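These notes concern the structure reproduced below.
All values derive from a computational prediction rather than experimental measurement.
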Amino acid sequence: MPGVLIIVLVMVLLGPVAVMGAGAAWSALIGWTAADDADARNEGQPV
């Protein structure tokens with residue numbers, strides 16, 4: 001029975017935090033690279 005409780009706690013508490021943290025890290029990485037790419041493409045063009 002303690003094993004079941006541990007698994008449920010991990011799924012309810014740690015699982016969503018890990019998924020959201022991974023999503024935030026992924027979004028930050030994509031946003032960072034997309035901003036650099038956009039800056040490079042608009043080099044020398046009027047604002």
Side-chain angles (χ1 to χ4, degrees):
M1 187 67 178
V4 173
L5 184 60
I6 291 170
I7 290 173
V8 168
L9 286 175
V10 167
M11 287 175 56
V12 170
L13 297 176
L14 297 180
V17 171
V19 168
M20 287 185 237
W26 180 257
S27 296
L29 179 66
I30 294 299
W32 185 34
T33 57
D36 287 344
D37 183 52
D39 288 340
R41 288 179 189 218
N42 291 320
E43 182 86 22
Q45 294 183 1
V47 176

Could you see if Leu5 belongs to whatever hydrophobic cluster contains Leu13? Use Ile, Leu, Val, Met, Phe, Trp, Tyr and a side-chain cutoff under 4.5 Å.
yes

Partners passing side-chain contact (heavy atoms from CB on, under 4.5 Å) against Val8 (at least two apart in sequence or in another chain):
Val4, Val12

According to side-chain hydrogen bond (donor to acceptor under 3.5 Å, both in side chains), who are the partners of Asp37, at least two apart in sequence or on a separate chain?
Arg41

